[in-house]
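Chain A is the first sequence line, chain B the second, and so forth, proteins listed ahead of strands; every chain is numbered from 1.
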Amino acid sequence: MKKFCVVVVLAVAIIFLAGCWDAVEINDQAIIWGLGCDVGKDEKDKLLLTLAGPTTTEGAKEPFEKVSVEGYSFDQTLANAQSYVFKTIELGHLRVLIFGEDFAKKGIEKYMDPIVRNPRISRECNIVVLKGKAKDLFELKNPGDPMPSDYLVSLIDTNAGINHTMDINFRDFFEMLHTPGQEPLACYGRISEDKKDININALAAFRGDKMVGTIEGMEVSSLIILRNKNREGFITVGQASAGQNQHSMTMNYHSANTKVDAKLKGDKPYINVKILVEGDLVESTTKAPTMNREILKGAELQFSKALEGDVTRLIDKCQHKLKSDIIGFGQYYHAYYPKFVKKHTWSDVFPNAEIRVHVEVRIRRIGVES
Amino acid sequence: MKKRNKSDSLFNKQLFAIMFIDIMGTGLIGLPSLMVRQAGQDGWISLLVAGVISLVTLNAILFFMKQYPDMTIVEISEKILGKYLGKIPGIILFIFFMFFAATAVRTLLDLVSTSLLPTTPIHILAIMLLFLFFYGIRNGMKVVGRFSELMIMFVLPIFVLFFVPPILHRNILYILPVGGAGLGSIAKASLPGLYAFTGFECLFLLYPYVRQNAAHKDIVKSANACLLLSILLKTVVVMGSILVFGAPELKHFVYALVEYFKVLTFPIVERVEFLLVYFWIFMFFGASLVLLYLATLTLEKTVKKIEGYKNTSFFLAIIIYFIFLYPKNIATFLNFYVYNFGLLGLVIFWLLLISLSAVGFIRRKVNNS
């Protein structure tokens, strides 16, 4: 009897061990790397979703496949997309989520809900707003990388290392969106006219979940310094190419430490920002010897003034043009003056805040020839 | 001291392992979100308050059990309250352990079916799991003790990872203003915190088995060390989660611990959260196994006729299968069961301690006079 029971138990166990309910063969999956969201072609209320990923079928002519479908909600559109894709759509490897500019201006939070709910999607997936349509990315013909999503992710990764953009992923975006006293940001890209490259040296600024404008060039590195997320960057003063007697100096900074002192006088916020930047002198086109203490001091002063100007201009743009606290000054008031922010809405107060910036630059190395 | 069967004894380090797995395995996966939903950025203070309450309760249990070093709580209550009335505490504790085990099983299965095996029927997962419980428990305390001891060696090094996310991604402003949520909210949020530290009550049953091999003061040391370590680790997770995500973002998460590990990526292990889920399945499994064993032990001590019968846990596993299916979804489960379970446990433990001590004291006085 005992033996019989053992045999029965083992026989039943075979049913459970025969395979996995959730097993999906890799060849049966349409692995999606990039997902683009745009407003509908004809009906502006509709969502146009473009899915693209590498082909997993042997002998396929194209290295990647893409499909564009319209619908009224994210999941419904995704289900519509499945009608055109013969393999199961798999979002577990999603690397980048792209929004067309028009779409980002309408507000994106409600379309991101299914992505946040899905446990398979990594929160490290990048968020990018593209000038024009998101689906244009998948028409890109970069000679170095046939996969547009892969190219875009690598481009962001490399440029984030030199403060040309920020490596903003899903987690960062939602954190910024839900944290009071701070508005969200996303990477911003422009496709070149010949549709071969993308310029990523910009960021999209949001108010709530709606895009309100962009910050460009030096404003991006200033913002990164203000947010204490610095990795490495450059400051250049002068224009050597402008004439025979014109010169340039460039500094490559490795560390930037920003201290924010938030105060309140009556109902008006006063903010003092102190920035300490340290780095190397990597270019000086003047003939003056840089082994001289006074000359280096002068150079430090010029770099400080340049950076101070950039940072002040950025703050002014955020306060008066974008009316969006993408820097996150409001967080200090939520932390240190909770009663004040309970009484006032930070976004209303922010444009009237008085903000002073002081920058100190220290040159640590001057290269191997002076 | 009454000598018990040698296979029914535990070493002090095994008690530490059983308690640690029981406490850490339950109530952590969604804890950070539950704490900040009430107390905002002060959720970690609420957890510390719950920790202190649990620490006081633990020492009260130890003090009480010291008076009866060779008896479980069921035997003590029968001695104090009599043969029939004395069974009531055993029945209450049995029901408590059964529901506690069912909540652990439910959390585990919800996590597995959400994150790993979405199309596998939850009933199949439950049946396989409950069979394993039965297999682990049927040979008694020694197996449970050794299993916990072995498991702790695997899981303890992984707890080092708990400290990494706040070191890499913290924003100190997220935790300010300290105390800003207000005393009322902080106190209210300590309820799910109480659930997080429930597990030390295993001493009600295991104390006499450890007392055979260890002195009272050693048991006090290891039990307190175990609870303090659990308080430290759970507070690190809650505080770390607030520092990494901020309370407004954190309260949206269902499985906050999984999100906590999603921020980590290493060159080879890019999705660290899946590693955690695999590891956490073991923790849940260990905790559920211990709880089911405690339920079995309580029943055996209450109904003496079935003592030594190896298949009791099989029938209890069937009952658990029906209990765990009852909550409709994870939202009902977290918002109702977890909120009230910790408090219910605390009330039961103190009622047992106070009523038994009081009746015992009166009976001693009457007998002496």
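Put simply, CG on Leu173(B) and NE2 on His334(A) are 11.0 Å apart, with the number rounded to the nearest 0.5 Å. We find the CE-CD distance between Met176(A) and Glu249(B) to be 10.5 Å, quoted to the nearest 0.5 Å.
Within 6.0 Å of CZ in Phe131(B) there are 12 or fewer heavy atoms belonging to other residues, nucleotides or ligands. Atom CG of Leu168(B) is surrounded by more than 12 heavy atoms from other residues, nucleotides or ligands within 6.0 Å. In this structure, Phe340(A) places its CZ atom where more than 12 heavy-atom neighbours from other residues, nucleotides or ligands lie under 6.0 Å away. Applying the 6.0 Å contact sphere to NZ of Lys87(A) captures more than 12 heavy atoms from other residues, nucleotides or ligands. For OH of Tyr270(A), the number of neighbouring non-hydrogen atoms (other residues, nucleotides, ligands) closer than 6.0 Å is greater than 12. Annotation for Arg138(B): atom CZ counts as buried by contact number, over 12 foreign heavy atoms lying within 6.0 Å. Around CZ of Phe279(B), the count of heavy atoms belonging to other residues, nucleotides or ligands within 6.0 Å exceeds 12.
Within the 4.5 angstrom heavy-atom criterion, atoms from both the backbone and the side chain of Val263(B) approach chain A. Heavy atoms of Glu259(B) lying under 4.5 Å from chain A belong exclusively to its side chain. Contacts of Val244(B) with chain A are made by both backbone and side-chain atoms, with heavy-atom separations under 4.5 Å. Of the atoms belonging to Tyr336(A), it is side-chain heavy atoms, and not backbone ones, that fall under 4.5 Å from chain B. Heavy-atom distances place no part of Tyr255(B) under 4.5 Å from chain A, backbone and side chain included. Only the side chain of Tyr174(B) comes within less than 4.5 Å of a heavy atom of chain A; its backbone N, CA, C and O stay farther away.
Glu175(A) and Asn171(B) share no side-chain donor-acceptor pair at under 3.5 Å.
Contact check for Phe245(B) versus Arg171(A): side-chain heavy atoms found under the 4.5 Å cut-off.
Minimum interatomic distance between Ala335(A) and Leu176(B) (heavy atoms only, all atoms of both residues): CB-CB, 3.5 Å. The minimum heavy-atom distance between Glu124(A) and Lys262(B), with the atom names listed, is OE2-O, 3.5 Å.
Comparing Gly180(B), Gly246(B), Pro121(B) by heavy-atom pairs within less than 4.5 Å of chain A, the highest count is held by Pro121(B).
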